[in-house]
Every structure is written in C-alpha cells, then in structure tokens.
Participant: 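First, the structure itself, so that you have it in front of you.
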Amino acid sequence: MNQRAQVSKGKAMLRTFWKYKALYLISLPGIIYFIVFKYVPLLGSVIAFQDYNIFDGFTGSKWVGFDNFTRMFAHYDFLNILKNTVLIGVYDLLLGFPAPIILALLLNELRLVVYKRVLQTVVYMPHFLSWVIVSGIAIGILSPSTGAVNHFITWLGFEPIYFLGEESWIRSVLITSGIWRDSGYGTIIYLAALAGINPDLYEASEVDGANRWRQTISITLPSLLPTIMILFLLHIGKFLDFGFERVFVFLNPLNKENGEILDTYIYSQGLLAQQFSYTTAIGLFKAVVGVIFIVTGNLLSKKTTGESLY
Amino acid sequence: MNRKPTAGWQVFNGFNLLFLTLLSLAMLLPFLNVLAQSFSSSEAIVNGKVLFLPVHFTSINYQYVFSDMAIWRSFGVTVYITVVGTLINLIATASLAYPVSRPEYAGRNVVVIMVLITMVFTAPLIPNFILMKNLHLTNSLWALMIPGAISAFNFFIMRSFFMQIPSELIDSGRIDGCSELRMIWNIVLPLSKPVMASLGIFYAVSHWNTYQNALYYINKPALWPLQVKLRQLIVSEDISIDPNASQFSGLAHMDPEGIKMATIIIATLPIIIIYPFLQRHFVKGMMVGSVKS
C-alpha cells in the first residue's frame, strides 16, 4: 500500500470516529471498566514474582523470580490442598457433570406435560438460593442432634453421623449439595437441545424396529453430543476453579483437612494472613492450569468430535 | 408420534415417574423442614419431632429475628445494593453492548476480543484486592456494586439482542435528525425490554445472594449484606440470646436452631416471591446465551 492510500485510509477512519463520536463516547465507560477492573489486576499479578510489600508497591518491591512458585511446591499444605482440589474436581466431573444430562433425558421421557412443568419448576428453584442458604439448610438437616437426616438414620437403627464434623464426609457433602442446587437448572440447556431433535428420526427408527432404549442410544445421545461437548469443555476449564463460596460455606476446622481447596486457601493465607505474593503465585498457577485444560481439551475435541469452543 | 406402549416401556415409565417425583421431593423437603423448624418450639426441634409441619407452633423465632437491629441493617444494605447495583449493571452493560452491536462502530472486534479475553484469563484474588484498596473502594458499598458492573457473559447476550434491531430503523432515525442518545431512549430501549428484564433479574439475584465480595472487601459490620450476617448466624454455635431482653417472656423456650431457620426463611422469601416471574425470564435468557456460546 502506498503512502497516500494509507493517509486517506487514516482520514476515513478519523471521519468515521467523528461522525459516530456519540457511540464512542457512550462505550467509553465500559471500556475503561474492563481495563481498570479486569486488565489492571491481570498486570498486577506480577507480584507473584516479587516479594511484595504493600508499602513499597509494585515498583519498590524486590523481584524474586520463581521463588514463590518453588515455595508453593515445597509446601506440605499446598500439596495437600492441591490434592483436595483435584479430587473434588474429579468427583464433580464424574458425578456433577452427568447429573443434568441424565435428569434432562428422564424429564424428556415424561409424557405427562402438566406434571413435567411442575417438576421442572421445582428442580430449577434451588439454583436461585445462595450458597450461604444452601449450607444453612444442609447444616440444619444434617445436624447430628436436631437434623432430619440423622433422625432418620437413628430411626433405622444406625449411629448418627456428624456429616460436617468429620473430614471423611466433607467431599460427599460438597458434591451432593452442588448436584442438589444446580443439576435441575443445568437441564434447561439440554432440554432445549432435545426439543430441537427432528421427530422424523424417531419415526424412521421405529419403522426399522428400534425400541426406546435403542432410540436413546442411537438418536438422542448423538444429537445431544455437541451440547455435551461444549459444556464439558467449559467445565474442565474451571477444573481447579471449583468456586470459593461453594466450599467456604461448608468448611470448619473439623473438616478442613479434606475440604480446603485452592480458592479457600488463597483467601485465608492471602487476605487474612497477608501473604500476598505467595498466594498470587498460587492463583496464577491455577489460572494457567485452567487455560492449559481449555486449550488441550479444545484441541482433543476438535480432533475427535469436531466440536470446539473457538 | 404414536409409539405403541410395550410392557417394558410402561415399566420404565412408571419407574421414571416415581424417580422424578422422589427427586423433586428431595429438592422441596429440606426447605419445608427449615420452614417447619422456624415455626416450632425449641423442645420440639431438639427432640427431633419436627419434620415437615411445625410442632408447638410459635412465631417467637421470627419475633427475635425482627427485633435484631443488625439483621434489619443488613437487610437494608442488601435491598440497596440490589436496586442500585442492578441499575448500574444494566446501564453499564447496555452502554457498552449497544455501540459495539452497531456495524458503523469501527473497532468493535477489538472490544469484543478484549471482553472475551477476560472470560478466559481472570486475575487472582490478591491483585484485585490491592486494586480495590488503592481505589479506596474497600469498606464501602461500591465494592459490592462496581467490580461486577458488567458481566462478560451478559454483555454478549445483550449485544446479540441489539444486533437483531434492524439497521434501517436506526438509520431512518439518524436521517430524521435524531441524536444518538434520543434514539437509544426512544427506539432501542423500548425494543429491548425483554432482554433488560431477563438480565436485570439475573443481576438482581446475584446481588441479593452476594457474599464473596463482601467477605473480601468489607469488614465493617454495619455494611454487611444479609448473606454475610446470615452466615455468621449459621456458624455461630450458640446465638448469644440476651437474657435481659425482657420483651421475650418465652426466652427459655428458644433455640438457636429455630432462630437460624427463621433467618434463612426471611433471606429466601424475596427469591421465592419473585420466582414465578423469574422463571418466565431465565429460560429465555439462558436460550439466548446458549445460542451465543
């Protein structure tokens, strides 16, 4: 491109800017918001490579390279918490991820339309309760002395179980409460995909003599696969990002050993104990692992099923 | 579809119906249990007599909660951030999404990518905290409303909604000499009531349930939203019931469990009340969102 063309292109650009200056002006606060509240903290993550001191700031603090990261991997607490996070993530992937798919398939088989509506209304609702409320309900019904669940257990003749006071139960409680709260809501997207399946497919398969089970395997599931794949990719991207609130509201000193995850550790060691650089290193580690999972998952999915996020 | 019901199919139908009914009961019953306990006397709760109906009906737990000024204050904080915060959300999201949805906005892809990147890369907690501290936003209610002013996901939903507004409509407005702001007010906004309602409800629910940011950024009890106060009540082993609070003649019959349950019900009630309205909108909102992703 010669210089004159470039100049006139620049001029045209300026003219568009000027002509629609109102649009640019309106969008400015939003752009500033993203820069200040999303990009500045991203840059601020450099303190992971510093011995950050709040009085010296970013410029005055000493650079320490990868010291915080080596410290992380040498730390017993960190390794145990990483193990917890991975385990809880895996359980959630194995149990929590398929739950809405199964629920959607079952709801879809229900032919009583009005009753189906009623059930849907009920199963969607818990999603709108905060984690604090969910934990309040759970602590209430699981309480060893006053909880309904333990009264049922003792009625059956067993010893009451202190679900939230024993580290052996905390992971089950975390996964179950997650399924209780979100699996119903998660069905919405699958039910929409199910409603989009061409009914001719079922009729044709019927002519060929396929029964309902066969239809589910050969028509319904393959039609759901793209949706499942996309949601799966999004899910594994958040593999180490189980959610702070969801775990924090269930933690207590008695179940911490098995229940503490990276997010809650970052909060207690970072904000409360003020180990700014160390916990930022952990946060950065978590973010990088998340991105690696998304990219690898996407690549594998593109190769095998052709579905991808981008 | 006229599929012939075979025997196996009917057995499956029966089981399916039973299973789904039990499942939805599992969603509902814990809640009923909490409701029943909140209206029951302390002996009934401790002896485990309360299942799904109140035993020795009493409203004393509610009386106690309503007499607690701290809970009222938290309630006020939550109402305030829900109303003001949601307004900020909608204005901020729309004022970025609308320009970027117009084809005449050169550089819209730059903005879209900028937003997209923040969905993949999120900064760790501490840099966010330092930023909030440097901006002097900690220990103020702004800390609960500003950091989440625009959700990237909702930005994309709103943008794709605005993109469906025909350009001809906007262009004809421009030819008639309508200013950009007037056009947004008189043409764009009336057309986007559905998306505003859906996203407004999403934003409002998240403000109502806000907990994490308050925990991070606020340590003045006077500024605690309801969820933080509620959490404090739930974990405290025994709520210190003031023995001098003479207006409670039946104080001896109170149990912290009942008070906790009453507070849970009060914090949940607004969600339950708007739920029918909510449900109408979130399915739609979710659909638009899924088309996008």
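Quick caveat, the model's predicted, so the values are computed rather than measured. Quick note on labels: first sequence line is chain A, next is B, and so on, each numbered from 1.
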Participant: Would you say A:Trp131's side chain and B:Asn209's backbone share a donor-acceptor pair under 3.5 angstrom?
Facilitator: no
Participant: Answer yes or no: is there a donor N or O on one side and an acceptor on the other, between the side chain of A:Tyr24 and the main chain of B:Ala106, under 3.5 Å?
Facilitator: yes
Participant: From B:Met27 CE over to B:Phe31 CZ, what is the distance, rounded to the nearest 0.5 angstrom?
Facilitator: 14.0 Å
Participant: For the candidates B:Ala26, B:Ala123, B:Pro127, which exhibits the highest count of non-hydrogen atom pairs separated by less than 4.5 Å from chain A?
Facilitator: B:Pro127
Participant: Could you check which of A:Leu28, A:Val288, A:Ile141 has the highest count of heavy-atom pairs closer than 4.5 Å to chain B?
Facilitator: A:Ile141
Participant: Side chains of B:Gln227 and A:Ser130: donor-acceptor distance under 3.5 Å anywhere?
Facilitator: yes
Participant: Side chain from CB out, backbone as N, CA, C, O: work out which of these in B:Leu25 comes under 4.5 Å of a heavy atom of chain A, or both, or neither.
Facilitator: neither
Participant: Tell me, for B:Ile130 versus chain A, whether the close heavy atoms (under 4.5 Å) come from the side chain, the backbone, both or neither.
Facilitator: side chain
Participant: As an exercise: rank A:Lys38, A:Glu245, A:Lys116 by heavy-atom pairs under 4.5 Å with chain B and give me the winner.
Facilitator: A:Glu245
Participant: By a 4.5 Å heavy-atom criterion (distance strictly below it), what part of B:Leu137 contacts chain A: side chain, backbone, both, or neither?
Facilitator: side chain
Participant: Under 4.5 Å heavy-atom distance to chain A, tell me which part of B:Leu23 shows up: side chain, backbone, both or neither.
Facilitator: side chain
Participant: Between A:Tyr52 and chain B, which part of the residue has a heavy atom less than 4.5 Å away: side chain, backbone, both or neither?
Facilitator: side chain
Participant: Given a strict heavy-atom distance threshold of 4.5 Å, which part of B:Thr263 is in contact with chain A: side chain, backbone, both, or neither?
Facilitator: neither
Participant: Heavy atoms only, distances under 4.5 angstrom: which of B:Ser179, B:Ser206, B:Gly148, B:Ala149 has the most pairs with chain A? Name it, please.
Facilitator: B:Ala149
Participant: Would you say that A:Leu106 contacts B:Phe15 through its side chain, given a criterion of any heavy-atom pair below 4.5 Å between the two side chains?
Facilitator: no
Participant: For the backbone of B:Val55 and the side chain of B:Ser40, can you confirm whether one donor and one acceptor N or O come within less than 3.5 Å of each other?
Facilitator: yes
Participant: For chain B, which of A:Ser45, A:Gly290, A:Ser135, A:Pro41 has the most heavy-atom pairs under 4.5 Å?
Facilitator: A:Pro41
Participant: Answer whether the closest heavy-atom distance between the side chains of A:Asn108 and A:Tyr190 falls below 4.5 Å.
Facilitator: no
Participant: For the interface with chain A, which of B:Ile117, B:Val120, B:Thr93 has the highest count of heavy-atom pairs at distances below 4.5 Å?
Facilitator: B:Ile117
Participant: Hey, are the side chains of A:Ile153 and A:Pro160 touching, using non-hydrogen atoms and a 4.5 Å cut-off?
Facilitator: no
Participant: Using non-hydrogen atoms and a 4.5 Å limit, figure out which bit of A:Leu110 sits close to chain B: side chain, backbone, both or neither.
Facilitator: both
Participant: Quick one: what part of B:Ala97 sits under 4.5 Å from any heavy atom of chain A, side chain, backbone, both or neither?
Facilitator: neither
Participant: At a heavy-atom separation under 4.5 Å, does B:Tyr105 approach chain A through its side chain, its backbone, both, or neither?
Facilitator: both
Participant: If you count heavy-atom pairs under 4.5 Å with chain A, which of B:Val205, B:Val100, B:Leu131, B:Leu181 comes out on top?
Facilitator: B:Leu131
Participant: What verdict does the ring-ring contact (aromatic ring centres under 6.0 Å, His included) test give for A:Tyr185 and A:Phe128, after you've listed the backbone C-alpha separation in whole Å, the side-chain angles of each residue and the deciding distance to 0.1 Å?
Facilitator: CA-CA 9 Å; A:Tyr185 189 74; A:Phe128 295 94; 5.7 Å; yes
Participant: Select, from A:Leu119, A:Ile47, A:Val149, the one with the greatest count of heavy-atom pairs under 4.5 Å involving chain B.
Facilitator: A:Leu119
Participant: Count the heavy-atom pairs under 4.5 Å between each of A:Leu112, A:Leu23, A:Ile266 and chain B, then report the option with the highest count.
Facilitator: A:Leu23
Participant: How about A:Ile282 and A:Gln269: do any of their side-chain heavy atoms sit closer than 4.5 Å?
Facilitator: no
Participant: Heavy-atom distance under 4.5 Å to chain B: side chain of A:Thr121, backbone, both or neither?
Facilitator: both
Participant: Between B:Arg159 and B:Ser101 (side chain of the first, backbone of the second, donor and acceptor by atom type, cut-off under 3.5 Å), is there such a pair?
Facilitator: no
Participant: Find out whether B:Tyr216 and B:Met132 are in side-chain contact, i.e. whether some heavy atom of one side chain is under 4.5 Å from a heavy atom of the other.
Facilitator: no
Participant: Quick check on the interface: out of B:Ile184, B:Leu116, B:Val115, who has the most heavy-atom pairs with chain A under 4.5 Å?
Facilitator: B:Val115
Participant: For B:Tyr275, which atoms come within 4.5 Å of any heavy atom of chain A: side chain, backbone, both, or neither?
Facilitator: side chain
Participant: Is A:Tyr267 close to chain B through its backbone or its side chain, or both, or neither, when contacts mean heavy atoms under 4.5 Å?
Facilitator: both
Participant: Under 4.5 Å heavy-atom distance to chain B, tell me which part of A:Val118 shows up: side chain, backbone, both or neither.
Facilitator: neither
Participant: Which region of B:Ile150, side chain (C-beta onward) or backbone (N, CA, C, O), has a non-hydrogen atom less than 4.5 Å from a non-hydrogen atom of chain A, or is it both or neither?
Facilitator: both
Participant: Name the region of A:Tyr115, side chain, backbone, both or neither, that has any atom closer than 4.5 Å to a heavy atom of chain B.
Facilitator: side chain
Participant: With a 4.5 angstrom heavy-atom cut-off, could you sort out which part of A:Pro126 is near chain B: side chain, backbone, both or neither?
Facilitator: side chain
Participant: Using non-hydrogen atoms only, which part of B:Ile146 is less than 4.5 Å away from chain A: side chain, backbone, both, or neither?
Facilitator: both
Participant: Is chain B contacted by the side chain of A:Phe276, its backbone, both, or neither, given a heavy-atom distance below 4.5 Å?
Facilitator: both
Participant: For the ring-ring contact (aromatic ring centres under 6.0 Å, His included) test, which of B:Trp185, B:Phe162, B:Phe155 pairs with B:Tyr98?
Facilitator: B:Phe162
Participant: Measuring heavy-atom distances to chain B, does A:Val249 have an atom under 4.5 Å in its side chain, in its backbone, in both, or in neither?
Facilitator: both
Participant: Which answer fits B:Ile264, side chain, backbone, both or neither, if we ask what part of it has an atom under 4.5 Å from a heavy atom of chain A?
Facilitator: both
Participant: Might you point out which heavy atoms bring B:Ala152 and B:Thr118 nearest each other, and give the distance in Å?
Facilitator: CB-OG1, 4.2 Å
Participant: Output the distance between atom CG (B:Leu233) and atom NZ (B:Lys260), rounded to the nearest 0.5 Å.
Facilitator: 8.5 Å
Participant: Checking A:Gln120 against A:Tyr124 for the side-chain hydrogen bond (donor to acceptor under 3.5 Å, both in side chains) test, could you report, in this order, the C-alpha distance in whole Å, the side-chain angles of both residues, the deciding distance, and whether it holds?
Facilitator: CA-CA 6 Å; A:Gln120 279 176 294; A:Tyr124 292 166; 3.0 Å; yes
Participant: Give, as side chain, backbone, both or neither, the part of A:Leu164 having an atom under 4.5 angstrom from any heavy atom of chain B.
Facilitator: neither
Participant: Taking B:Ala94, B:Pro147, B:Gly107 one by one, which has the highest count of heavy-atom pairs under 4.5 Å against chain A?
Facilitator: B:Pro147
Participant: If you look at every heavy atom in B:Pro124 and A:Leu284, which pair is closest and at what distance?
Facilitator: CG-N, 3.8 Å
Participant: Side-chain contact, heavy-atom cut-off 4.5 Å: B:Ser74 with B:Pro225?
Facilitator: no
Participant: Under a 4.5 Å heavy-atom cut-off, does chain B meet the side chain of A:Ile139, its backbone, both or neither?
Facilitator: side chain
Participant: So, does A:Asp241 use its side chain to make a donor-acceptor pair with the main chain of A:Gly237 at under 3.5 Å?
Facilitator: no
Participant: Would you mind checking which part of B:Asn33 comes under 4.5 Å of any heavy atom in chain A, side chain (CB onward), backbone (N, CA, C, O), both or neither?
Facilitator: side chain
Participant: Do you know which of A:Val40, A:Leu25, A:Ile31 has the most heavy-atom pairs with chain B at a distance under 4.5 angstrom?
Facilitator: A:Ile31
